[in-house]
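Accompanying notes for the structure given below.
Letters A, B, ... mirror the listed sequences (proteins, then strands); counts begin at 1. FYI, side chains are in, hydrogens and waters are out, and symmetry mates aren't considered; it's all heavy atoms of this structure.
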Protein chains: 2
Amino acid sequence: MHYGMPNPRPSGDSAFAKAPTIKEVAAAAGVSVATVSRALNASGPVHGTTSANVLAVARRLGFRPNLMGRNLRTTRTCTLGVMLPTLNHPVFAECLQGIEAQAQSQQQVIAVSATGYQVDAEERASERLLQQRVDGLILTVADAAHSSVLDKLDAEGVPYVLVFNQPGVTSPSLAARPFVSVDNFLAGKKMVEHLLSLDHQRVHMLAGQFQQSDRSLQRFLGYQAAMSAAGLPWSPPLELPFTTCDTRRELQDLLDRRSPPTALFCSNDQLAMTVIRDLRDLGLRVPDDISLAGFDGVHMGELLSPVLTTVVQPTAEIGRAAVDLLLQLIDGECYLGPALLHHTLRLGGTASRRTQEHQAAFASPPGPRTP
Amino acid sequence: MHYGMPNPRPSGDSAFAKAPTIKEVAAAAGVSVATVSRALNASGPVHGTTSANVLAVARRLGFRPNLMGRNLRTTRTCTLGVMLPTLNHPVFAECLQGIEAQAQSQQQVIAVSATGYQVDAEERASERLLQQRVDGLILTVADAAHSSVLDKLDAEGVPYVLVFNQPGVTSPSLAARPFVSVDNFLAGKKMVEHLLSLDHQRVHMLAGQFQQSDRSLQRFLGYQAAMSAAGLPWSPPLELPFTTCDTRRELQDLLDRRSPPTALFCSNDQLAMTVIRDLRDLGLRVPDDISLAGFDGVHMGELLSPVLTTVVQPTAEIGRAAVDLLLQLIDGECYLGPALLHHTLRLGGTASRRTQEHQAAFASPPGPRTP
DNA sequence: GTGAAAGCGCTAACAA
DNA sequence: TTGTTAGCGCTTTCAC
């Protein structure tokens, strides 16, 4: 179908002639609007020559269907609402890229909103998107098990798919909420097992605040499980606000303990990269003095030297899968359970085997430089 | 105004009662739809008690205005189209964040599309957004001086604002196209002047392909100007495809020349970070063996060690300013010229004073390791 | 195969 | 201050 691609200069009128409507196409083609509609959408029987003529006229006039009219009539907008905490973060940005690509390929438009993990922002944004009558929503919330926005969507029967959230595990009793993510518990466990396989025994976890991230909690539970399975004691996580950009004080406290960790597991790559820099400021080298692993698999981690050891999520794929699942839900297909996509471990250079030298570093820890 | 925030469970009906319309609110409140509309939008005279009653009823029913109806009637959607090459790239992601924030604060919704610098994707996306009847467009194109999409928007009188593009300079004859960016020429010039002030004389530029980036060209012209002003010879840029993720071969070629550069100016930070890694692979340290500067000011650059020397653009601010400018254009205010926002130099550690040692590195350049 | 007409939900004249 | 009414542009019965 080629209608809707107007000529550079519509029809010989001066200035900006207002966009022609289906009515004008009908008049110009000498048929009724119904026939034009059928021809343009191939939505009903229409004679070959009539159709060709209509299409030609529409093209000549630079006709561009007004979706407001169509949407009002069909009560479908072919628009998907997307609500993410931030668009700036590499993980969400890449996911959004995946969402957009898949949406585009399915002729959907996306309306995007950033919520900053603020419940009131989620409330406002969802309300606006629902007023726009989006067909469904793709979103990440702080805690998918306790979300007023999700409660509202459930109550109103609005189709939605969560990305990254992993609600089911914390509250299996709740009606299942559709989500697409990796198995954060398992991935966290695998990563810690990897650290343990490198002879580390004192592994600590640094995490975003669990209140703001149910998946962060899952990763911690994975850490806990791996430690317990190995017969090692686990420590409570160091929870850091989402906005943290300087971890030196917390790290210093951690390293000043009687048995400081030999390896750190950070619940996301952003945090991991910040920690690497701050460790460097404190005079510690990664991995020589301390090993470190992240979670996410952001591209930037591969530009570091050494390359960041991390769990790689198929971030863009999560976005694409969410679109597919959402479109199914919109089409009334019933929900068959969440999509857990495959993760992989990237065995970079920031986590290495514990050595004597390594131990020595802690026998006489260097004093802080600029605490 | 508080209407439109429905109670968790609309009105006692079973399952998912379809959303109430203004008509039903009118009936329930015992007034006409006109009065409801006026009360809800404060768009006309309405008695205090009547208004209060209407609002209460709307609230109780969980009324949520259907914007398709309103938009169709008003021919305004309060939606801004956003077309960027990619949503994944830190610069565009941060800009999008700024756009979204400002749009939200101005009660606008954004419809987002990624175009990957592909003209046909730009064509498709713009067409879809125009069918959606967005009120205007914010976009980045490859070359703003030669863009069929911009030609179309101009011809149809659709308001738009370019971000990052800097079209005027290359073709002052064309009707001015509204844009928001930094002064790429000046910023490039300043950065090269900084490198020259560190005693560098052989400075080379690495750039994204100019065909894909008019601003990259501006930065190169700034480089040229700085070199010329200092009485130094400039070299043609090393143009690399946008997708480049390995620059080792090109770098090796560059370093094998008779007088290899002592400093590199990369036209963006992504490229700069890739180059730093590849130089490292080739056995060269930054800045000890060679100095380097980037352009953009992405956050990640501050996590590097040493910190990336670069031009910092106010990326999010560019997005916000673009929204403000676009809304003015939509409101019919006339275009008063582009917004050139302030940039700053971040004097990180990747560009340092040229030393004897530095020179020595090139007296006997190390062979390639994995070319 | 085609047309006439109703109506999606809303706003804005115009009347009262 | 309030109500009546005519569309905004489109799809979709239902006749023919």
### Task
Scan for salt bridge (Lys or Arg N to Asp or Glu O under 4.0 Å) pairs involving residues 44-56 of chain A, sequence neighbours excluded, and state none if there are none.
none
### Euclidean distance, atom CE of residue A:M68 to atom P of D:dC10 [Å, nearest integer]
12 Å
### Query
Looking at A:R70, does any N or O in its side chain come under 4.0 Å of the phosphate oxygens OP1/OP2 on D:dT11?
yes
### Query
When you check the phosphate oxygens OP1 and OP2 of D:dT11, does a side-chain N or O of A:S37 lie under 4.0 Å from one of them?
yes
### Query
Which whole-number value in Å describes the distance from B:L67 CG to D:dC8 C1'?
15 Å
### A:N41 CG to D:dT13 C1', straight-line distance once rounded to whole Å
16 Å
### Message
If you compare all heavy atoms of A:E122 against all heavy atoms of A:T140, which two are closest, and at what distance to 0.1 Å?
### Response
OE2-O, 4.4 Å
### Task
Would you check if the side chain of A:D143 reaches a backbone N or O of A:A145 as a donor-acceptor pair within less than 3.5 Å?
yes
### Query
Which pairs pass salt bridge (Lys or Arg N to Asp or Glu O under 4.0 Å) with one or both residues in residues 71-87 of chain B, sequence neighbours excluded?
B:R76-B:D135, B:R76-B:D331
### Task
Provide, to the nearest angstrom, the distance between the NZ atom belonging to B:K23 and the P atom belonging to D:dA6.
14 Å
### Task
Using atom CG of A:L40 as one end and atom P of D:dG9 as the other, report the distance to the nearest whole Å.
16 Å
### Task
On DNA chain C, reading 5' to 3', which nucleotide is the first and which the last to sit with an atom under 4.0 Å from a heavy atom of chain B, could you check?
C:dG9 to C:dA13
### Message
Tell me whether B:Q97 contacts the main-chain N or O of A:L87 through its side chain, where contact means a donor paired with an acceptor under 3.5 Å.
### Response
yes
### Task
Assign each of B:L72 and B:T35 to its nearest nucleotide of DNA chain D by heavy atoms, then name whichever residue's nucleotide is nearer the 5' end.
B:T35
### Task
Without swapping roles, check the side chain of A:T35 against the backbone of A:V31 for a donor-acceptor pair under 3.5 Å.
no
### Terminal helix-axis angle for the helix from C:dG1-D:dC16 to C:dA16-D:dT1, with five pairs defining each axis and rounding to 10 degrees
40°
### Message
In whole Å, I'd like the distance from the CZ atom of B:R73 to the P atom of D:dT5.
### Response
16 Å
### Task
To the nearest Å, give me how far apart NZ (A:K18) and P (D:dG7) are.
14 Å
### Query
Given that B:S51 and B:T75 both sit by DNA chain D, which one's nearest nucleotide is further toward the 5' end?
B:S51
### Task
Starting at atom NE2 of B:H47, determine the distance to atom P of D:dT1, rounded to an integer number of angstrom.
8 Å
### Query
Is the base of D:dG3 touched by the side chain of B:R38 through a donor-acceptor pair closer than 3.5 angstrom?
yes
### Query
When you check the phosphate oxygens OP1 and OP2 of D:dT11, does a side-chain N or O of A:S43 lie under 4.0 Å from one of them?
no
### Query
Just to confirm, is there a sub-4.0 Å distance from OP1 or OP2 of D:dG9 to any side-chain nitrogen or oxygen of A:T21?
no
### Task
Apply side-chain contact (heavy atoms from CB on, under 4.5 Å) to A:L72 and list each qualifying residue two or more places apart in sequence or on a separate chain.
B:M68, B:L72
### Message
Looking at A:A144, is its backbone amide N or carbonyl O close enough to the side chain of A:S147 to form a donor-acceptor pair, meaning the two atoms are under 3.5 Å apart?
### Response
no
### Query
Sequence neighbours excluded, which residues qualify as side chain to side chain donor-acceptor pair (under 3.5 Å) partners of B:E317?
B:R320
